[in-house]
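We use all heavy atoms of the structure for the numbers below, so side chains are in, but hydrogens, waters and symmetry mates are not.
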Amino acid sequence: MTYLVGIDLGTTNTVLAYAAHGRKGPGAIELLSIDQLVAPGEVAVHPLLPSMRYHPGADELAPGELQLPWNIPDVAGVEQVALGRLARALGAATPGRLVASAKSWLSHPGVDRMAPILPWSLDADVPKVSPVAASASYLAHLRAAWNTRFPKQPLERQQIVLTVPASFDEGARALTLEAAQQA
């Protein structure tokens, strides 16, 4: 079975909706329940993935507290990273380690959107990522969550529509596509 998949890579949240080809009527469209860390070492499913990354300090979290049901390296190359709800919670306490609004940075022509500029912090020991890499990490997380739930129908083999804001210029649209390809 193949699916039609819609992904909204949002500034605040990212969501994935899907329907089986040919399925119609009420209940035909479903939201993917996304596995994500909600506290150190605690995974839960939620329909929205907050579009946020948190880069913890060297001794901030114990080994294994960032473990998800899958083991994939960060597309941005950061050794330890939290995404989603845990990132939002940790970033509230230590905002200089939080990457937020990466999608907004994709449309900012005044910066190099492929350069590692986020989080926008002066702290030299915080790893930086580009807006494209941050966006790719949210999409890679969705891909891993989907492929864990549907191992016989991997996301990369489905028909996918990725939303792009009407306000994005051609460059920002191309960068969104680049993020999807990196994921």
Taking every non-hydrogen atom, the tightest pair across P151 and P154: O-CD, 3.9 Å
L16-L162 co-clustered via ILVMFWY side chain contacts under 4.5 Å: yes
Qualifying side chain to side chain donor-acceptor pair (under 3.5 Å) pairs with a residue from residues 173-183, counting only residues at least two apart or across chains: E170-R173, E178-Q182
Main-chain N/O of Q153 paired to W146 side chain as donor or acceptor, under 3.5 Å: yes
Of L32, L9, L48, the residue whose pairing with V15 passes side-chain contact (heavy atoms from CB on, under 4.5 Å): L48
L118 and P131, any side-chain heavy atoms less than 4.5 Å apart: yes
Shortest non-hydrogen contact between G84 and L49, atoms and distance: CA-CD1, 3.6 Å
Residues which pass side chain to side chain donor-acceptor pair (under 3.5 Å) with D35, listed by chain and number, not counting sequence neighbours: none
For D74, salt bridge (charged side-chain N to carboxylate O under 4.0 Å, His left out) partners two or more places apart: R53
Closest heavy-atom pair and its distance - A76, A133: CB-CB, 3.8 Å
Residues that, via side-chain heavy atoms closer than 4.5 angstrom, fall in one hydrophobic cluster with V75: none
Those residues that, when tested against R85, pass side chain to side chain contact (heavy atoms under 4.5 Å, CB included) (two or more places apart): Q36, V38, H46, P50, R88
For the student: nearest non-hydrogen atoms of A82 and A87, plus distance: O-CB, 3.3 Å
Hydrophobic cluster identity match, L106 and V129, side-chain contacts under 4.5 Å: no
Residues forming a side chain to side chain contact (heavy atoms under 4.5 Å, CB included) with P47, sequence neighbours excluded: L31
Kindly list each side-chain donor-acceptor pair under 3.5 angstrom involving residues 61-72, sequence neighbours excluded, with atom names and distances?
unit_1: E65; atom_1: OE1; unit_2: A62; atom_2: N; d: 2.7
unit_1: Q67; atom_1: NE2; unit_2: W70; atom_2: O; d: 3.2

Cluster check L175, V164: I/L/V/M/F/W/Y, side chain < 4.5 angstrom: yes
Same cluster (ILVMFWY, side-chain, under 4.5 Å), Y138 and L155: yes
Sub-4.5 Å side-chain heavy-atom contact between P56 and L90: no
Residues in salt bridge (charged side-chain N to carboxylate O under 4.0 Å, His left out) contact with D125, at least two apart in sequence or another chain: R97
Side-chain donor or acceptor of H55 paired with backbone N/O of P127 under 3.5 Å: yes
Sequence neighbours excluded - side chain to side chain donor-acceptor pair (under 3.5 Å) pairs with any residue from residues 4-18: D8-T163, T14-S51, Y18-E30, Y18-R149
Test log, rule side-chain contact (heavy atoms from CB on, under 4.5 Å), inputs R157 and T2: CA-CA 8 Å; R157 292 193 189 145; T2 58; over 6 Å; no
Close side-chain approach of L98 to M52, heavy-atom, < 4.5 Å: yes
Distance (rounded to the nearest 0.5 Å) between L4 CG and Q158 CD: 9.0 Å
hydrophobic_cluster_shared for V43 and L83, side chain cutoff 4.5 Å: no
Partner residues of E60 under the salt bridge (charged side-chain N to carboxylate O under 4.0 Å, His left out) criterion, sequence neighbours left out: none
Pairs flagged by side chain to side chain donor-acceptor pair (under 3.5 Å) wherever residues 100-117 is involved - sequence neighbours left out: none
Smallest separation among heavy atoms of G96 and P119, with atom names: O-CG, 3.5 Å
Contact list for residues 157-183, test ring-ring contact (aromatic ring centres under 6.0 Å, His included), sequence neighbours left out: none
Any side-chain heavy-atom pair of W120 and V99 under 4.5 Å: no
